[in-house]
Structures are given as C-alpha cells and as structure tokens.
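The next block holds one structure in the form of structure tokens; read it before the comments.
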Amino acid sequence: MALSGKLTKKLLENLGPGRHGDGNGLYLVVDPSGARRWIVRVVVKGQKCLSSGFLEPMAA
C-alpha cells in the first residue's frame, strides 16, 4: 500500500516523538516509548471528532 500524503515510508521510519501530519486530517502520533498510532480529525455537523486506532506493521 503506497502512502499518498507527505509522510513517506522512509520518513516514517525516522520520525521522533510527536504528532506528524500527513494531510487531510490524518496524523501519526509517535510516543516517547516509540509506540505509534494513526489518528484522524474530522468535522461532522460542525463538531470536531478524533478517531484513533492501532495498526499492525505492514509487510513489505
């Protein structure tokens, strides 16, 4: 699966702790422990919503 935003596979491997935007409300959150999760910010009827999930590492 190819990434279509501004975060590339190579960049993802080297990101430090923080919230890193990929565009259109998609963020990769990297914890100081190295744990990673994706969150999506959307607006539904004027209300901001966050959705997060944990993804298994993708096979090459």
Next on the checklist: I'd like to check the side-chain contact (heavy atoms from CB on, under 4.5 Å) partners of Leu26; sequence neighbours left out, ordered by chain and number.
Outcome noted: Asp22, Trp38, Val40
Checklist entry - Can you name the side-chain contact (heavy atoms from CB on, under 4.5 Å) partners of Lys10, sequence neighbours left out? => result Thr8, Asn14
Checklist entry - If every non-hydrogen atom of Pro17 is compared with every non-hydrogen atom of Pro32, which pair is closest and at what distance? => result CG-CA, 3.9 Å
Checklist entry - What is the minimum heavy-atom distance between Leu7 and Gly21, and which atoms define it? => result CG-O, 3.8 Å
Item to check | Test side-chain contact (heavy atoms from CB on, under 4.5 Å) applied to Leu11 and Lys6, step by step | outcome: CA-CA 9 Å; Leu11 182 60; Lys6 57 185 174 179; over 6 Å; no
Just so I know, are the side chains of [X] and [Y] near enough to count as touching, which here means a heavy-atom distance under 4.5 Å?
| X | Y | value |
| --- | --- | --- |
| His20 | Val30 | yes |
| Arg41 | Tyr27 | yes |
| Arg19 | Leu28 | no |

Checklist entry - What pairs with Asn24 under side-chain hydrogen bond (donor to acceptor under 3.5 Å, both in side chains), at least two apart in sequence or on another chain? => result none
